[in-house]
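Heads up, the thing below is written out as structure tokens.
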Amino acid sequence: MLELRAITKSYPTAAGELKVLSELDLSLAPGENVAIIGPSGSGKTTLLNILGLLEPPSRGEYRIDEANLLTLAPADAAAYRNRSIGFIFQDHHLLPQLNVLENVLLPTWATASPPAGAITRANALLDQVGLAARKTHRPAELSGGERQRVAIARALINQPKLLIADEPTGNLDPRTATQIADLLLESQRAAAARLILVTHSIELAGRFARRLRLQDGRLHEVASS
Amino acid sequence: MSRLHLARRSLSHYLPSHLGTLLGITVAVAALTGALLVGDSLRASLRDHALRRLGGFTHALIATRTFPDTLAQRIQGTNPAPLLLMPAALANPASGARAQNATALGIDQRFSVGLKPSFDFGAIPRRGAVLNAAAARALGAKSGDELLLRLDRPSAVSADTLMGRREDRTLTLRLRIHAVITPEQRGDFNIRPGQAEPLNVFLPIAELQNAIEQPGAANLLLFQHGSLELLNPPNDATAVVQKSIAPSLTLADFGLKLREIEKSRTLVLESDSMLLAPAILDRAAAAAKSISAHRAAISAYLATSIEKLDDADESPIASRPIAAGAIPYSTICAVPGAGPPLSAMLAESGDAAQPLRPGEVAINAWTARELGAARGDRILIRYDITGEFGKLESRADAFTIARVVEMTPAATDRTFVPDYPGITDTDDLADWDPPFPLDLKRIQPRDEKYWDDYRAAPKVFVTLEDAERMWGQNAATIGMFTSLRITPKSSRNAPATDAAASAPAAAFEHELLRTLTLDDGGLTLKDLHAEIAKAARGNTDFGGLFIGFSFFLIAAAMMLIVLLFRLAVERRVKQVGLLAAVGFSPRAARSVFFAEGALLAAIGALLGVAAAAGYAWLMLAGLRGWWSAAAQAPFLRLHITPATAAIGAGVGFALALLSIAIALRGLQTNSAARLLTGGAIDAPAIDRRPRWPMITLTLGLLATAIGIVGGALGWMPAAGGFFLAGAGGLAAALALFRTSITPRAAEPSNSRFASSTAALAWRNLQRSPGRAILIAGLIASATFLLTALEAFRLSPADPHDRAGGAGGCALVAETSTPLAADPNTAAGRAALGVDDASHPDLREVRLWPFRLRPGDRTSCLNLYQPGEPRILGAPRAFIERGGFAFAGVMKAAAAASQPSSAEDRGNPWRLLEQPADADGAIPAIGDEAAVQWQLHKGLGQTLTIRDENGVERPLRFVALLSGSVLQSELIISEENFRRLFPSRDGYSVFLIETPRGGERAASDALERAYEHFGLDAELCEERLRAFFAVQNTYLSTFQTLGGFGLLLGTCGLAGVVLRALLERRRELALMSAVGFSAARLERMVLLEHAYLAVAGLMIGALPALLAIGPQLAARARGGAMGNFTNLLPLLGSARLVLIVAATALLATWLALRGLRRMNLVGGLRGE
């Protein structure tokens, strides 16, 4: 079980302390997916950063399968992130100097010795996202949708327990956005991973089993329409 | 490997954006490696230059006196070339051109062996001479022209002794130039490494020997490696030469002769110099002992008068007139009080003469008769001793006649007195030609009769104790004994070997030669190649020096690396965030960028090594041309040593890695989330003030205080104090600046100032404090170094100032032939052949003479490492005079066991006369620059030299002169000089006081008057200017290379500013869109960088002025280094500061040009 308990996040500003998240709670079972919606500045990205161990909360507790992740040292947090968390960003963040296959393999290079079979798995993932023929291409030679597919493959390379997607379709046209959403959900199901997605799109959120609204620093369940 | 793969891919992809960084790495490696190559090239050039001058000779047997040139034939198998080398002065009679400090080389055809291209030195005709090109150039002479060669007339007898000649010591030869030869034809032959071109004149050795009336004399044997290999393949060539020399030596090679008195079989050992050196006497006594022979050292001397003492006369004996009937000009002889030879003489009683006690004398029967004296009577012996400049001082001593000895052969033995040409070989007493005044009127027929019958046989015998008191002032140095008489065992019925009994002379000679060393004979065998290898290491590590000179260039290159690599990383900050997001630990993410930088550094190192050769070539060209005053070595050539190139590349690579590591420091401090949004690596958090500026500020201020106080109070060297104070001040000022640009949360936002252009510019500057510090630091460092160093330029002070670097002497002069008479007195000048009527100007000058042991110059003008430094012996009169400025004086307790008086502290020269320390160290004074930089010693430390007998003698630096004209030599007291170098008689170096304004006239007058002594005078001011030119040129070199660094810094600065503006393109576009005019935006950017430029200038200039404050104050007060006018160079500093400011403005202007060309609309679209 993934559990956030009483998470609070605030930032110092010239005008005083700015509280973004306030006593926020969240529970997520393995294989469950959830979409989080909310207005700009409500703290969606901050929440994802805390979930991805990219940023610590000011207060609160974060556990996955009983492990307290907030007590991890930075290097251990990085290793946990590498093994168990996959990120998909609105900007694909592909490295222009690497080709498609290498970009997918990038997370495996974080450790001193890449895991065995990484290239086979990367090829399989590229096949899964429909880019097997483009694996030697550079990101500059791909369309926006294709780049996001590569980003999804990269997020899945280490078979994570948690997939975090921050507006993955935000820069895409509707048709491509639908395809990417399909691929994302399909991949999540295939991997039996938890998926937490942040979006402004009600339509995209509607495809998720569970939907939450972030407002006033807390998550509120959104009833199915 | 995968991370390396990523780094390789990244480098390949981003290489264009790394070109600036690559330039920085290349420059750093090129400057570093190039500097090391300059050092290598200098050493190799010095070595090659000295080897070329040797002309293929590998070893030399050098003598402080002459030896028979037949030694060359006697040394089996090596076939050395004998030479007679003499200091000389040259003149062209046609043009009047003169060349002092020349060398006359007597050579024969053996000097031509192995010479390519060949030149037959054996074919020089009689009265012919060969000049080297430098001498011909100096004289403006060519083949066929006439040449005047002026030489010293050397004498084995020291001019410091009664029998030494002080007059008529020079001779002039008129020769015709047979040929002018090139350096390749051994024209520049010189066994002493040096940069200056030697002025050589070659003539047949026989002709030179005849000219100085020493037929068969040589003072140098030269060996060649080729000839050594004929003996054996030499593992140790020096040992081979030594082995071949040792069995070939005879007593004559040591300047000794052994006479045998047939009747008594007594052997008499004498020296060419009339006095047996103490070391030789000891060895001879030991040799005599080893053949069980009795030995007695005796000392013959000349009495000017022997007379019977009238005890009724109560007047002091010294003031009594010479009595009527006194016997003039007689030899007297000091003998052991007991034993032979005295015991062999018969007393009037017929018994053997009884022992003498001090105060007693034995006189021969002839003398007793002539004086009417008998045993128990008292006699007065008058005699002369020599003082400074050989001045005669008359003395008289009274003795009691203890014995009157019969005129037997034992008492009238002529071998009691050594041969002296002009005296012992004359037929009549009246024909004597002694080196002292002779009153012929006092010579009576009875004296001539004695001369006819007994020649120079002594009339009086005194004890050795009395002799030492009377004429033994130099007993410990040049010796007192004129012969050693050896009475073989057979005549004393002692058990002995057969050989010693049958041929005692041969046995003694064999034994003596077995124990004598080359040093005893003033002979030194030198491995010339080894000496050159040592000397060519140089006294200054030019590699290190040029690294120092290139410091600013290297530092600027490193700053460029840090700035540009950091910019490149900042540009890819999202990639850093991505790496963090996918699980790269901060260290792993950093290692990817570090590997990328390392690959870049490797490429830069390779390019840098290639560029290093060009850099070194340029520096050497500079040393041959623009900076020639520092090196004076037009022969410098580039030598590339692979090992040095590898070391330079390695160190440069390491420096580049260090710079890259510094550039990557920020990567570990920011959260991945911030980096993913493209946030600046070092964007400061609000209210998060780093602690390092306050720590640096505190430590910097502390260092400044210690540097200033320490430098002023003499706790540390002025230069050390300067750098500590300056560096501390610079660090403190930069830390203060860093603190001032930290953003504050509580700043007012509603004031007019807050929205002003100036405030906007200031806040922009606060956004990237690391970058701001780097830019301000670059400008500050340049300002600091250029300001501070310009103030260290030297210029000579008034030479007439007694407390200045010239000690009040406007001229310094040197003669090729030492002066043995006092040039400050009319009598002395007359003795030197100088007519006062022809040279009236000379009465107005005062010469302070010094004895000279020639050697390697220790001044900064000599690039070679001094092996045996030039030594001056300062007479007491000069020591008492004092003068000169001192950089340091040893405290009395450490200088000697006897505490010095307050008077000594006022005149540090007096320390030279303190007794040697417990370790035998002799007090010495040297110029601070020479002692510190050329000899690598300091105040109170010792330097070991060899005396002329090869004995190691430590010199202790009891005081150091400051900025003095005596930079080329070390000074000891005359008394110590005579102990160390007894054969160096006369005075060759002179400091000369002249009337103000009459310096040049005095110089001309002196050179004319003492032309036959080869006197060469130089203005002290010019010599000081030449010395100071070295330091000044080093400063120029540093500033030139610093200028390159500044140029590089400017490129970096312009690049950084432009890149920063490009990054802010969207922001500027937005400001433009909301109504900021283009002019206001330009003003904002200009102000932002003007803040940095002004801050950098102030941060650099203020600590520099603070640090050099004590120096400036000292100059304003005057002293050795200059006076108030020497503050003028600060104007130069101001000029350089303006250049720095202009450079900073240039960078900003370049940035503004970039801003004007920017398409702000495009930037807005990006937003």
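Order of the sequence lines fixes the chain letters, A, B, ..., with proteins taken first and strands second; residue numbering starts at 1 for each chain.
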* Structure fact -> From the list A/Ala155, A/Pro160, A/Pro96, the residue making the most non-hydrogen contacts under 4.5 Å with chain B is A/Pro96
* Structure fact -> d(A/Phe87 CZ, B/Leu578 CG) to nearest 0.5 Å is 10.0 Å
* Side chain from CB out, backbone as N, CA, C, O: work out which of these in B/Leu579 comes under 4.5 Å of a heavy atom of chain A, or both, or neither. => side chain
* Do side-chain atoms of B/Arg3 reach the backbone of A/Ala110 as a donor and acceptor pair under 3.5 angstrom? -> yes
* Is the number of heavy atoms from other residues, nucleotides or ligands within 6.0 Å of CD (A/Glu186) greater than 12? -> no
* **Structural part of A/Tyr80 lying under 4.5 Å from a heavy atom of chain B** => neither
* **Most chain B-contacting option - heavy-atom pairs closer than 4.5 Å, from A/Ile85, A/Ile164, A/Thr111** => A/Thr111
* Asked: Atom NZ in B/Lys574, atom NE2 in A/His93: separation rounded to 0.5 Å?
  -> 6.0 Å
* To do: Return each pair, listed once, that meets ring pair (Phe, Tyr, Trp, His ring centres under 6.0 Å) where at least one residue sits in residues 109-168 of chain A; pairs must be two or more places apart or across chains.
  => A/Trp109-B/His5
* Asked: Quick one: does A/Leu95's side chain get under 4.5 Å of B/Leu6's, heavy atoms only?
  -> yes
* Apply the test side-chain contact (heavy atoms from CB on, under 4.5 Å) to residues B/Val582 and A/Asn158: give CA-CA distance (whole Å), side-chain angles for both, the deciding distance (0.1 Å), then the verdict. => CA-CA 10 Å; B/Val582 300; A/Asn158 279 339; over 6 Å; no
* When B/Ser10, B/Ala588, B/Ser585 are compared by non-hydrogen pairs under 4.5 Å with chain A, the top option -> B/Ser10
* Asked: Considering residues, nucleotides and ligands other than A/Ile119, do more than 12 of their heavy atoms fall under 6.0 Å from its CD1?
  -> no
* Does a sphere of radius 6.0 Å around CZ in B/Arg587 hold more than 12 heavy atoms from other residues, nucleotides or ligands, not counting ones at 6.0 Å or beyond? -> no
* Pick one of side chain, backbone, both or neither for A/Arg138, based on which atoms fall under 4.5 Å of a heavy atom in chain B. => side chain
* Asked: Under a 4.5 Å cut-off applied to non-hydrogen side-chain atoms, are A/Gln97 and B/Arg572 in contact?
  -> yes
* Based on non-hydrogen pairs under 4.5 Å, which of A/Leu48, A/Thr45, A/Leu53, A/Leu98 is most in contact with chain B? -> A/Leu98
* With the side chain counted from C-beta on, respond yes when B/Phe584 and A/Asn82 share a heavy-atom pair under 4.5 Å apart, and no when they do not. => no
